J.: 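I have a structure here, written as structure tokens, and I will follow up with some questions on it.
A quick note: this is a predicted structure, and the numbers were derived from the prediction, not measured.
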Amino acid sequence: KRANGNWKYGYGWTVDTPMGKPVFFHQGANFGQFALACNIPGDRATIILLTNNRDAAANVQACYIGLFQILYDQPYLLPRKAILLPPALQEEYTGDYELEDKKEFKGHLAWENGRLSVSWNGSKPDELFGEKRDHLFLRAYDLQMVFSRDAQGKVIGFTANTGGKA
């Protein structure tokens, strides 16, 4: 329900107006698949994204947003390229962190089954990917974590960047 009391959902389709454009979209998943369809009737445009990876829902949504931005000449971010960081380096990032300006917001980085992940306040973990030493990012949403180290080289914290800004 919108703030003005109107519903944004009807007959299985979400109705919204990003960038002032009336848009009808629907997304869904079942075992092993995720799909998103978006119709922009005023511009006779349609975006359809399909994947055979249900866990890729966040990537599909990010692609949808990026395509929408490209379609309407808006700034967009290119996907980050992941590299494989050595396991010993990834383990250096594990631990508990809290945000300086929101102490109640806590992150936990864990290294399990060969993957580095972060969970916020006990939520479901999101996988982290390496970009270069001390630079990690999430594919689930636009977040880059740039880690800082002390004089002995120990990881002591990180700066979170979203939308290219700290």
Side-chain angles (χ1 to χ4, degrees), residues 1-3 7-9 14 16 18-19 23 25-36 38 47 49-70 74-166:
K1 214 171 190 186
R2 290 185 179 199
W7 287 96
K8 291 174 48 172
Y9 192 78
T14 299
D16 207 351
M19 292 188 245
V23 171
F25 72 92
H26 181 77
Q27 60 189 15
N30 62 22
F31 182 73
Q33 301 172 8
F34 184 84
L36 181 144
C38 166
I47 298 171
L49 299 168
L50 307 169
T51 180
N52 61 355
N53 180 354
R54 182 175 185 192
D55 294 334
N59 291 337
V60 170
Q61 290 166 340
C63 287
Y64 159 70
I65 291 167
L67 289 170
F68 200 90
Q69 291 166 326
I70 290 168
Q74 299 295 313
Y76 61 92
L77 295 172
L78 291 174
R80 296 180 185 278
K81 183 176 180 180
I83 63 166
L84 183 60
L85 296 173
L89 177 61
Q90 292 189 53
E91 287 185 53
E92 293 179 25
Y93 305 120
T94 62
D96 295 311
Y97 298 86
E98 64 182 30
L99 298 182
E100 286 183 10
D101 57 340
K102 292 184 179 180
K103 300 283 187 196
E104 71 280 2
F105 198 74
K106 300 189 184 321
H108 176 74
L109 273 71
W111 170 256
E112 295 175 3
N113 302 321
R115 295 177 186 249
L116 188 61
S117 64
V118 61
S119 60
W120 305 102
N121 290 342
S123 66
K124 179 181 174 252
D126 289 310
E127 187 173 359
L128 284 162
F129 298 89
E131 201 166 20
K132 61 183 177 181
R133 179 183 164 92
D134 295 341
H135 290 72
L136 305 177
F137 69 95
L138 289 166
R139 286 192 173 136
Y141 45 93
D142 179 28
L143 177 73
Q144 179 192 43
M145 301 166 79
V146 180
F147 289 82
S148 53
R149 296 175 178 268
D150 64 16
Q152 290 74 40
K154 183 177 185 251
V155 172
I156 57 171
F158 68 86
T159 301
N161 300 312
T162 58
K165 300 175 185 160

J.: Please walk me through it: do Asn161 and Leu143 pass side chain to side chain contact (heavy atoms under 4.5 Å, CB included)?
T.: CA-CA 6 Å; Asn161 300 312; Leu143 177 73; over 6 Å; no

J.: How many angstroms lie between CZ in Phe129 and CG in Leu138, if you round to the nearest 0.5 Å?
T.: 8.5 Å

J.: State, to 0.1 Å, how close Phe137 and Gly130 come at their nearest heavy-atom pair, and which atoms those are.
T.: CE2-O, 3.8 Å

J.: Taking all non-hydrogen atoms of both residues, which atom of Asp96 and which atom of His108 are closest, and how far apart?
T.: OD1-ND1, 2.6 Å

J.: For Phe158, give me all partners under ring-ring contact (aromatic ring centres under 6.0 Å, His included), at least two apart in sequence or on another chain.
T.: Tyr97, Phe147

J.: Could you work out, with side chain to side chain contact (heavy atoms under 4.5 Å, CB included) as the rule, every residue matching Gln69, not counting sequence neighbours?
T.: Met19, Ile65, Gln74, Tyr76

J.: Restricting to side chain to side chain contact (heavy atoms under 4.5 Å, CB included), what partner residues turn up for Gln90, sequence neighbours left out?
T.: Leu84, Leu85, Trp111, Leu116

J.: If I compare all heavy atoms of Ala110 with all of Thr94, which pair ends up nearest, and what's the gap?
T.: C-CG2, 4.0 Å

J.: Can you tell if the side chain of Val23 reaches within under 4.5 Å of the side chain of Phe68, non-hydrogen atoms only?
T.: yes

J.: Mind checking side chain to side chain contact (heavy atoms under 4.5 Å, CB included) for Asn121 and listing every partner two or more places apart, or none if nothing turns up?
T.: Phe105, Lys106

J.: Which atom names give the shortest non-hydrogen contact between Gln27 and Leu36, and what distance separates them?
T.: OE1-CD1, 3.4 Å

J.: Please name all residues satisfying salt bridge (charged side-chain N to carboxylate O under 4.0 Å, His left out) with Arg149, sequence neighbours left out, ordered by chain then number.
T.: Glu92, Asp134

J.: Give, for atom OG of Ser117 and atom CG of Leu128, the distance between the pair rounded to the nearest 0.5 Å.
T.: 7.0 Å

J.: Carefully, step by step, assess Leu67 and Leu49 under the rule side chain to side chain contact (heavy atoms under 4.5 Å, CB included).
T.: CA-CA 10 Å; Leu67 289 170; Leu49 299 168; 3.9 Å; yes

J.: Taking all non-hydrogen atoms of both residues, which atom of Ala29 and which atom of Phe34 are closest, and how far apart?
T.: CB-CD1, 3.7 Å

J.: Atom NZ in Lys132, atom CZ in Arg80: separation rounded to 0.5 Å?
T.: 10.5 Å

J.: For Ser148, enumerate each residue passing the side chain to side chain contact (heavy atoms under 4.5 Å, CB included) test, keeping only those at least two apart in sequence or located in another chain.
T.: Ile156

J.: Can a donor-acceptor pair be found, under 3.5 Å and without considering hydrogens, that links the side chain of Asn113 to the backbone of Arg115?
T.: no

